[in-house]
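Input: a single structure, listed below in structure tokens.
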Amino acid sequence: MKKKVLISFFIILLILALTGCMVAPELTDRYLAEEAVYNYWQAIINRQYELAKCFCIYDGIWYNKIDEWEEYINTNSEGEASLIISEPYFYKQAEVIGNNAIVYIWIFANKLAFPDSCCWNVDTFEYEVELIKETSPPGSWKLK
């Protein structure tokens with residue numbers, strides 16, 4: 001009898017594992033703030049500037065910085081060159097104080113010259129991104 005129960009338990013566990021049924025990560029304020037910053041940078045990397053604005057407070061610092069990044073990307077992607085921007089690297093744990101958060105990131109931009117590709121340049125940007133928690137929808141974070 002014990003053997004049947006144990007086998008049934010392992011079969012159920014195997015089915016859950018194969019169907020991808022897992023426990024979701026805890027959605028803390030720190031995690032949600034970092035996710036908002038990550039989504040903002042993904043939009044900029046993919047040149048979806050209007051989408052990046054959705055993660056910001058209208059006419060805020062990071063909202064206006066989108067135009068600077070668009071110009072930087074366009075200027076460094078002209079001619080026989082390619083600009084590769086890395087995903088944000090979170091070099092320090094985000095700090096959450098009430099309805100405000102600070103996320104610490106590095107962004108690396110690699111400029112490769114073609115056709116020889118021997119010439120390249122790396123720009124490093126270090127940011128302390130400030131966010132504010134929105135009341136509508138509750139729990140969402142916006143870059144200031």
Item to complete: Starting at CD1 of Ile105, measure out to OH of Tyr91 and round the result to the nearest 0.5 Å.
Response: 8.5 Å
Worksheet item: Would one find more than 12 heavy atoms of other residues, nucleotides or ligands at under 6.0 Å from atom CD of Glu71?
Response: no
Discussion item. If I take atom OG1 from residue Thr75 and atom CD from residue Glu70, how far apart are they, to the nearest 0.5 angstrom?
Written reply: 10.0 Å
Worksheet entry | Nearest heavy atoms of Ala101 and Ala33, plus distance in Å | CB-CB, 4.0 Å
Response to the item:
Taking every heavy atom of Ile107 against every heavy atom of Pro88, the minimum-distance pair comes out as CD1-CA, 3.6 Å
Worksheet item: When Val103 is tested against each of Leu131, Val96, Leu143 for side chain to side chain contact (heavy atoms under 4.5 Å, CB included), which residue passes?
Response: Leu131
Item to complete: Could you state whether Val37 and Trp106 fall into the same hydrophobic cluster, counting links through intermediate Ile, Leu, Val, Met, Phe, Trp or Tyr residues with side-chain heavy atoms under 4.5 angstrom apart?
Response: no
Worksheet item: Between Tyr127 and Trp41, what is the ring plane arrangement, given parallel below 30°, perpendicular above 60°, and tilted in between?
Response: parallel
Worksheet entry | Verify same cluster id: Ile57, Ile61 (apolar side-chain graph, 4.5 Å) | no
Item to complete: Verify, without hydrogens or angle tests, whether Ser140 (side chain) and Glu134 (backbone) share a donor-acceptor contact under 3.5 angstrom.
Response: no
Practice prompt. Kindly state whether the ring of Phe125 and the ring of Trp69 have centres lying under 6.0 angstrom apart.
Written response: yes
Discussion item. Tell me whether Tyr38 shares a hydrophobic cluster with Tyr40, the cluster being built from Ile, Leu, Val, Met, Phe, Trp, Tyr side chains joined at under 4.5 Å.
Written reply: yes
Worksheet item: For Tyr49 and Ile66, which heavy atoms make the closest approach, and how far apart are they?
Response: CB-CG2, 3.7 Å
Discussion item. Membership question, hydrophobic clusters at under 4.5 Å side-chain separation (ILVMFWY): are Phe108 and Val129 in the same one?
Written reply: no
Practice prompt. Answer yes if Tyr89 and Tyr104 sit in the same cluster of Ile, Leu, Val, Met, Phe, Trp and Tyr residues linked by side chain heavy atoms under 4.5 Å apart, and no otherwise.
Written response: yes
Worksheet entry | Taking every non-hydrogen atom, the tightest pair across Lys142 and Cys56 | CD-O, 3.8 Å
Worksheet item: Can you tell me how far the CD1 atom of Ile97 sits from the CD1 atom of Ile102, to the nearest 0.5 Å?
Response: 6.0 Å
Item to complete: Quick one: closest heavy-atom pair of Ala36 and Trp141, and the distance?
Response: CB-O, 3.8 Å
Item to complete: Evaluate side-chain contact (heavy atoms from CB on, under 4.5 Å) for Asn100 paired with Lys144, printing each intermediate quantity in order.
Response: CA-CA 10 Å; Asn100 295 300; Lys144 287 186 175 182; 3.1 Å; yes
Worksheet, complete the sentence: Heavy-atom nearest pair, Trp62 first then Glu128, reads CZ2-O, 4.5 Å
Worksheet item: Hey, what do you get for CD1 (Ile44) to OH (Tyr72), rounding to the nearest 0.5 Å?
Response: 12.5 Å
Fill in: CG on Asn76 to CG on Asn110, rounded to 0.5 Å
11.0 Å
Worksheet, complete the sentence: Here the salt bridge (Lys or Arg N to Asp or Glu O under 4.0 Å) pairs for residues 53-63, sequence neighbours left out, are Glu50-Lys53
Practice prompt. In sequence, state the C-alpha distance, the side-chain angles, and the governing distance for Thr28 and Glu34, and then conclude on side-chain contact (heavy atoms from CB on, under 4.5 Å).
Written response: CA-CA 10 Å; Thr28 62; Glu34 289 177 351; over 6 Å; no
